[in-house]
There are 2 protein chains.
Amino acid sequence: MGQNVAVTRPLTRRPGRPLGGQLDVSRDVVLDAAERVIARDGATASIDAIAAEAGVTKPIVYDRVGSRADLATALAERLSDRMAVAARAALDGRGFTRLSLASFIEANLRTVIEHRDLFLYVTGGSTDQTSLGRLVLAEQSVIPLSMALKNWRQRAVLDPSVSDSWAYGMVGMLQMASLWVIGSPSADPRVVADQLAELLWYGLVGERRTD
Amino acid sequence: MGQNVAVTRPLTRRPGRPLGGQLDVSRDVVLDAAERVIARDGATASIDAIAAEAGVTKPIVYDRVGSRADLATALAERLSDRMAVAARAALDGRGFTRLSLASFIEANLRTVIEHRDLFLYVTGGSTDQTSLGRLVLAEQSVIPLSMALKNWRQRAVLDPSVSDSWAYGMVGMLQMASLWVIGSPSADPRVVADQLAELLWYGLVGERRTD
DNA sequence: CGGGGAAGTTACCACGGGTAAGAAACTGCC
DNA sequence: GGCAGTTTCTTACCCGTGGTAACTTCCCCG
């Protein structure tokens, strides 16, 4: 086959639908490829590079995952899921103590360190006032955290109206601490986590003083 | 002058150095223009737009302020200066109390609200692993805050080694809270500030328990 | 057997950051 | 006074990136 083709374009690959039936590239395959590219090339990974890594062309990526912001959102979901898993493993049923708070924070820091560039990709960028990019990852953590806080404070007969502020605040604290730890290898996640726990603990449990 | 010019290009403006002597456009003029454009068009302001607003061309901007990252740094300095001024005005000599902490936080929130898009411009974007963009604004606040914390903890005979973690953490908390407040007009800065102060205060002043 | 829709690919557009090359005006020197 | 060299701008461009339109091929169903 082929010697009757007198063409400018070689046989390598002709446009249109490929011969081997439907392309079997699901959304998750693209997201996996995105993670690989980001881990390899850093947070500046382009959609083209991701498409190439997934073995597809750009419009496929747009069909499967949507715009770049949607991609970031999807990856943020994955990352925040991993953070939640790590945090649960660190807590592991123990009650809410100062130590378990430190473990929680440390698990978060270590997860971010492990997925350094993914974190930077997800939290960085966009400057897009409609989406307010950095809230993407944040809200995935904020919402459950806020609910947990609210439930717990209600049971402890403490004012639950603080839950939103505190959740946003704590997530921001964690994100900035992560960014710092990522950038300065001298910072030990265990120590940092313990220090942040020290800062938060007494306020969290509602220690009161007359001032 | 001009009728001997038989040219394709009209007289409007010829390339090269303009006739009116040296262009008097300092770095600060460009930065002012940048702020105006950002306030008018939002955080997606382009260098071209800034140049146009300043009445110059793009290379002038690059000559006066450097790359886009440098521009963001310069604007971050301005913003953090304003935050410092507002914070000082809010504190105004009173000692370090729970109430003054809340005032400090509220002043920060209000400054960010006032310079909403400038804040978004400065904190948003880049994804550039070399500069770690969001640390630009952060470190301008972190460094003095860390020093203040360290001095104060030393005088109070408390462990001063926490100052870096705490400074980064608190700045992150403030930034995320700002982002949240910016995006949801229902949140009252005064209330949010008070709640965050509540969260931080007891840890800051070194409440101790045996756990 | 043929037409329509599904599923891809190519090629393109717009735009933003950043820079190279060229043009006018000043400067100093002989 | 003329003329090279320098300064200081402008024009015009390059390149990468997000995003999309148009076209091509294949499959299925009547």
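Convention: sequence-line order gives letters A, B, ...; per-chain numbering from 1.
Ion pair B/D194/B/R98 flagged as a salt bridge, since at least one NZ, NE, NH1 or NH2 atom sits closer than 4.0 Å to an Asp/Glu carboxylate oxygen. Using a 4.0 Å cut-off between charged nitrogen and carboxylate oxygen, A/D70 and A/R64 do not count as a salt-bridge pair. Salt-bridge annotation for B/R82 and B/E35: present, with a side-chain N of the basic residue lying under 4.0 Å from a carboxylate O of the acidic one. Under a 4.0 Å N-O distance rule, the pair A/R153/A/D159 does not qualify as a salt bridge.
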Under a 4.0 Å heavy-atom criterion, the protein footprint on nucleotides 14-20 of chain D, written with B, S and -, is ---SBBB
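Counting heavy atoms from C-beta on, the side chains of B/L31 and B/L71 come closer than 4.5 Å. Proximity of B/E106 to B/L196: side-chain heavy atoms (C-beta onward) are nowhere separated by under 4.5 Å.
Across the protein-nucleic acid pair, A/I60 atom CD1 and C/dA6 atom P stand 15 Å apart, rounded to whole Å. When the C1' atom of D/dT10 is taken as reference, atom CG of B/D63 falls 13 Å away, rounded to whole Å.
If you check D/dT10, D/dC9, C/dT9 against the side chain of B/R64, the one that comes closest is D/dC9.
Neither OP1 nor OP2 of D/dC9 sits under 4.0 Å from any side-chain N or O of B/T57.
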